[in-house]
Amino acid sequence: MLRGLGHEAVEVRKPKQLAGLAGLIIPGGESTTIGKLAVEYGLMDPLRAFAAERPIWGTCAGAIFLAGDAHRDQPLLGLMDITVVRNAFGRQVDSFEINLDVPALPAAPGEGARPFHAVFIRAPLIERVGPGVEVLARLPNNGIVAARQGRLLATSFHPELSGDDRFHRLFAGLAASSV
Ligand code: GLN
């Protein structure tokens with residue numbers, strides 16, 4: 001998605017690979033595993049230091065990893081003042097897709113506002129946001145599924161899977177303004 005927007009994209013596994021990056025996306029997967037590996041590879045403090053200067057976007061498990069609280073004992077970056085509930089919609093078979101209104105998204109050239117088709121895969125719910133956190137999207141039942149705290153972005157779903165690049169453009173804008 002980033003390359004499609006004309007950006008250079010590299011994979012990060014070690015702290016030194018953060019040097020020179022304009023922003024970081026922490027992808028989906030399994031947040032306990034991501035946390036354990038981040039501890040093992042000495043990434044926790046370098047990621048926190050990175051967040052002091054550059055944007056970070058966590059999708060799904062990545063959003064959990066950014067959170068301050070996930071109701072469980074697992075390594076979390078604690079960068080965002082949000083509480084998440086893991087697997088809030090049930091098991092893998094309860095994964096779903098839904099159109100969301102996300103007013104903060106940039107409109108595509110020549111286009112008005114339109115919903116964002118979001119793919120939820122064993123997704124977390126953002127249960128609580130602190131005072132400095134802006135809610136970007138809610139489900140029809142009001143559950144929070146996207147939030148922003150300054151240069152930090154959290155989405156419960158996987159915006160890389162629906163072919164709609166507006167979240168990536170929003171994040172690239174944050175990255176461009178932080179350099
Ligand atoms: N269920 C995973 C977790 O709790 C997240 C799933 C995902 O990233 N798609 O960490």
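Start at 1 and go down the list; that is how both ligands and their atoms are numbered. Source: prediction; values computed, not measured.
- The line from CZ of R86 to CD of E127 is 14.0 Å long, rounded to the nearest 0.5 Å.
- Residue contact check: G28 has heavy atoms under 4.0 Å from atoms 8 (O) of ligand 1.
- Interface of S31 with ligand 1, defined as ligand atoms under 4.0 Å from a residue heavy atom, comprises 3 (C), 4 (O), 10 (O).
- The shortest N/O to N/O separation between R86 and ligand 1 falls below 3.5 Å.
- When heavy-atom distances to ligand 1 are checked against a 4.0 Å cut-off, T32 has no atom that comes that close, whether in backbone or side chain.
- A salt bridge is absent between R91 and D94: the closest approach of a Lys/Arg side-chain nitrogen to an acidic carboxylate oxygen does not fall below 4.0 angstrom.
- Distances from ligand 1 to the non-hydrogen atoms of G29 include at least one value under 4.0 Å.
- Atom CG of L2 and atom NE2 of H7 lie 6.5 Å apart (nearest 0.5 Å).
- Under 3.5 Å, the side chains of E160 and T59 contain no donor-acceptor pair of N or O atoms.
- Within ligand 1, counting atoms from 1 as listed, the ones closer than 4.0 Å to a heavy atom of H158 are 7 (C), 8 (O), 9 (N).
- For Y41, the OH atom counts as loosely surrounded, since its 6.0 Å shell holds 12 or fewer non-hydrogen atoms of other residues, nucleotides or ligands.
- Ring pair F120/F89 is perpendicular by interplanar angle, where above 60° counts as perpendicular and below 30° as parallel.
- Remark: ligand 1 atoms within the under-4.0 Å shell around heavy atoms of A61 are 5 (C), 7 (C), 8 (O), 10 (O).
- Of all atoms in ligand 1, listed by their number and element, those nearer than 4.0 Å to a heavy atom of R122 are 1 (N), 2 (C), 5 (C), 6 (C).
- Proximity of a side-chain donor or acceptor of Q17 to a complementary backbone N or O of R13 within less than 3.5 Å is detected.
- When each atom of ligand 1 is checked for a heavy atom of E30 under 4.0 Å away, the hits are 10 (O).
- With hydrogens left out, the protein atom closest to atom 1 (N) of ligand 1 is N87 OD1, 2.7 Å, a heavy atom.
- Between R128 and D81, at least one side-chain N (NZ, or NE/NH1/NH2) sits under 4.0 Å from a carboxylate O, which counts as a salt bridge.
- Of all the atoms in ligand 1, the ones that sit under 4.0 Å from a non-hydrogen atom of I64 are 3 (C), 4 (O), 10 (O).
- Annotation for ligand 1: atoms under 4.0 Å from non-hydrogen atoms of C60 are 5 (C), 6 (C), 7 (C), 8 (O), 9 (N).
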